[in-house]
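Keep in mind that the numbers below use all heavy atoms, side chains included, and drop hydrogens, waters and symmetry copies. Atoms within a ligand are numbered from 1 in the order they appear, just like the ligands themselves. These numbers come from a predicted model, not from an experiment.
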Amino acid sequence: MKIAIVLGTRPEIIKMAPIIDEIEKRGLDSCIIHTGQHYDKEMSDNFFKDLEIKSPDYNIHVGSGSHGKQTGLMMQGIEEVLLDEKPDIVLVQGDTNAVLAGALVASKLHIAVGHVEAGLRSFDITMPEELNRMAADACSFMYFIPTKESAINLLAEGISRKKLFITGNTVVDACFRHLEIAKKLGIQEESLANLNIADMDNILTLTMHRAENVDDKDRLISIIEALKQLTDMNIVFPIHPRTKKTLENFGLFEELNELSHIHIIKPLGYLDFLVLTSCSSLILTDSGGLQEEAITLDVPVLTLRYNTERPETVSAGGNILVGANKKSILDNANKIINDAEFANKMKNAENPYGDGDAAAKTIDAIEEAYDKGLLNIESPENIMHSFNRRMMKVNYDISVENFEKDENALVHLVFDGDEMIFPEDDLNLKGMMISYDIYQ
Ligand code: UD1
Ligand code: UDP
């Protein structure tokens, strides 16, 4: 079996690394296609070294540009490689333009697409990432989903539960493995010393790069005004290249850089960054991955957004959405710094993203599907399928799996009272309202 992996940006390299590792451990054939969306060594090459994964087999070198141009060039390049390599499955991760390009191209070539981190929804269609997620999920064949909540999003969009695999998020695998390596190598002390900060007690790690924050001068100024007042904190800000450019273009960079409590540094490698975040009292970010890492590392996080596709972190109590609102940023940051009980509650929030075995679960599911011949995509002959949708209240003890066997059916939606829940094979359906499809 050959697995192709499409990636192009920093978070994709980090979150695909455990999967690449697992593929290698099992001796499976693979080919890595880098779109070249991120190209600075601090945003790309350094991560292949830090995470100890093989260099990409192909780089399409799309570079920076408009969404249409980037995605179009990616599609052209990925298509050529896939026609040559003929993989059995193409894996894409997350919500960047690479996901959109990879999923569209592969599905049109009738190659199975596996979407890693599928099912996330912010319900904000002004975000390019939301459009990428939805389009990629529409083209996918296997879905590797971090949580039940995200799996329910996909069920509600009509995706068969047989294609959904709740694996946890591979970021937990990466986090656990690499924090351990960083500690063993003594990188902990070294990287903190490199930061050159006199007082290591009150560290606030800051990252931001979302277009809706950093390309919008008013929002950016509102965030900066809050940062200026957080003088009790040592704010460490590994700056994303997009943010550096917009701060410079708006004429805001110098002023921020001169503040003694704000340390603007180059983007850090993964090991150094993990050490920094795990030693922080607080994380302030608009990053997707960092919201997940914060709850994994037990660090309170304030998210510089008004919505999130990671609502589990908020309902678990580890994440507060503060948007770009100066007052909200300051009130919440000060509460975390000054109120130990409040901070501890956030730190103790349960991690919804699994135990660090997401990559193994993903490759298990792919190997099983391959062995059963399920990765061959064929045109269906049954045109009456959608006319056989049914709904019923179940009034006897029966598991989802047995109901499907007895009725020759596929259970779709399940409601326990008014709450929609995920139909695991062994769930007892008694007392529940279900919708299901009957096969002919
Ligand atoms: C992209 C993803 C975003 C993801 C982020 C991770 C899309 C639509 N966006 O956003 O979902 O959260 O990566 O970091 O796919 N630049 C450099 N050097 C680089 C890369 C970029 O200088 O190596 C600068 C360029 O000026 C570029 C700008 O950053 O125009 C934005 O880069 P781009 O890749 O378009 O989007 P990101 O903001 O990085
Ligand atoms: N990260 C890093 N060095 C940095 C900043 C972030 O290694 O200086 C890592 C971080 O640990 C996380 C990922 O980059 O795993 C998040 O990437 P980013 O915020 O660029 O993208 P997003 O997750 O928002 O898509």
Would Pro267 count as a polar contact of ligand 2, with the cut-off being nitrogen or oxygen pairs under 3.5 Å? no
Among all protein non-hydrogen atoms, which one is nearest to atom 1 (N) of ligand 2, and what is the separation to 0.1 Å? Phe273 CD2, 3.5 Å
Could you verify whether a donor N or O on one side chain and an acceptor N or O on the other, from Asp95 and Asn132, lie under 3.5 Å apart? no
Check ligand 2 against Gly288 and write out every atom of the ligand that is under 4.0 Å from a heavy-atom position of the residue. 22 (P), 23 (O), 24 (O)
Is there side-chain contact between Pro267 and Met43, with at least one heavy-atom pair below 4.5 Å? yes
Identity and distance of the protein heavy atom lying nearest atom 4 (C) of ligand 1: His209 NE2, 3.8 Å
Quick one: do Arg121 and Glu157 make a salt bridge, cutoff under 4.0 Å? yes
In terms of atom number and element, which parts of ligand 1 are under 4.0 angstrom from non-hydrogen atoms of His240? 14 (O), 37 (P), 38 (O), 39 (O)
Presence of salt bridge, Asp425 and Arg161, under 4.0 angstrom: yes
For Glu368, is the CD atom crowded, meaning more than 12 foreign heavy atoms sit under 6.0 Å from it? no
For Gly289, atoms of ligand 2 separated by under 4.0 Å from a heavy atom: 22 (P), 23 (O)
May I ask you to identify the nearest protein heavy atom to atom 25 (O) of ligand 2, giving residue, atom name and distance to one decimal place in Å? Pro11 CG, 3.4 Å
Give me the nearest non-hydrogen protein atom to atom 15 (O) of ligand 1 as residue plus atom name, then the distance to 0.1 Å. Asn97 N, 2.9 Å
With sequence neighbours excluded, tell me which residues meet ring-ring contact (aromatic ring centres under 6.0 Å, His included) with His115. none
Give yes if a backbone or side-chain nitrogen or oxygen of Lys266 is under 3.5 Å from a nitrogen or oxygen of ligand 2, and no if not. no
Judged by non-hydrogen atoms, does Glu42 sit under 4.0 Å from ligand 1? no
Protein residue, atom and distance nearest to atom 12 (C) of ligand 2, heavy-atom basis: Glu293 OE1, 3.3 Å
Pairs of nitrogen or oxygen atoms closer than 3.5 Å, one from Thr207 and one from ligand 2: do any exist? no
Could you pull out all residues at least two apart from Lys244 that satisfy salt bridge (Lys or Arg N to Asp or Glu O under 4.0 Å)? Glu248
Nearest-contact summary for atom 5 (C) of ligand 2 - protein heavy atom, Å: Arg10 NH1, 3.3 Å
With atoms numbered from 1 as shown, which atoms in ligand 1 lie under 4.0 angstrom from a non-hydrogen atom of His67? 8 (C)
Could you check whether any side-chain heavy atom of Lys162 comes within less than 4.5 Å of a side-chain heavy atom of Leu410, counting everything from C-beta outward? yes
Note the single closest protein heavy atom to atom 19 (O) of ligand 2, along with its residue, its atom name and the distance in Å. Ser287 OG, 2.8 Å
Would you mind checking which non-hydrogen protein atom is closest to atom 16 (N) of ligand 1, with the distance to 0.1 Å? Tyr39 OH, 3.6 Å
Answer yes or no: is there an ion pair linking Lys372 with Glu367, defined by an N-O contact shorter than 4.0 Å? no
Evaluating non-hydrogen atoms only, which member of His38, Glu12, Arg10, Arg133 is closest to atom 20 (C) of ligand 1? His38
For residues Tyr39 and Ser64, is any side-chain donor paired with an opposing acceptor at under 3.5 Å? yes
Go through the side-chain N and O atoms of Glu85 and Tyr58 and say whether any donor and acceptor fall under 3.5 Å apart. yes
Examine Asp95 against ligand 2 and note whether any of their N/O atoms are separated by less than 3.5 Å. no
Counting non-hydrogen protein atoms only, what is the nearest one to atom 1 (C) of ligand 1? Give residue, atom name and distance. Gln37 NE2, 3.6 Å
Modelled atom types, side-chain donor and acceptor of Thr96 and Glu129, under 3.5 Å: no
Nearest-neighbour protein heavy atom for atom 18 (N) of ligand 1, which is reported as residue plus atom name and distance: Asp40 OD2, 2.9 Å
Verify whether one side chain among Thr246 and Asp215 offers a donor that lies under 3.5 Å from an acceptor in the other. no
Anything under 30° is parallel, anything over 60° is perpendicular, the rest tilted; go ahead and classify His38 against His240. perpendicular
Any donor-acceptor N or O pair under 3.5 Å, side chains Asn234, Asn202: no
Ligand 1 contact on Thr96 by region, counting heavy-atom pairs under 4.0 Å: both
With heavy atoms and a 4.0 Å threshold, my read on which part of Pro11 contacts ligand 1 is side chain
Nearest protein heavy atom to atom 37 (P) of ligand 1, by residue and atom, and its distance? Arg242 NH1, 3.7 Å
State whether the shortest distance between N or O atoms of Leu290 and N or O atoms of ligand 2 falls below 3.5 angstrom. no
With a cut-off of 4.0 Å, which atoms of ligand 2 are near a heavy atom of Arg210? 22 (P), 24 (O), 25 (O)
Below 4.0 angstrom from a heavy atom of Ile14, which ligand 2 atoms are there? Numbered from 1 as shown, please. 9 (C), 13 (C), 14 (O), 15 (O)
Specify the protein heavy atom at minimum distance from atom 35 (O) of ligand 1: its residue, its atom name, and the distance to 0.1 Å. Gln70 NE2, 3.6 Å
Name the closest protein heavy atom to atom 22 (O) of ligand 1, giving the residue it belongs to and the distance to 0.1 Å. Lys245 NZ, 3.0 Å
For ligand 2, which atoms have a heavy atom of Pro238 less than 4.0 angstrom away? 8 (O)
Would you mind finding which of Arg210, Lys41, Lys244, Glu129 brings a heavy atom closest to atom 11 (O) of ligand 1? Glu129
Take atom NZ of Lys54 as the centre, draw a 6.0 Å sphere, and report whether it contains more than 12 heavy atoms from other residues, nucleotides or ligands. yes
Could an N or O of ligand 2 be found under 3.5 Å from any N or O of Leu268, whether backbone or side chain? yes
Could you check whether any side-chain heavy atom of Ile14 comes within less than 4.5 Å of a side-chain heavy atom of Leu51, counting everything from C-beta outward? yes
Do the side chains of Lys148 and Glu312 get close enough for a salt bridge, i.e. N-O under 4.0 angstrom? no
Closest non-hydrogen protein atom to atom 7 (O) of ligand 2, residue and atom name please, with distance? Phe47 CE2, 3.2 Å
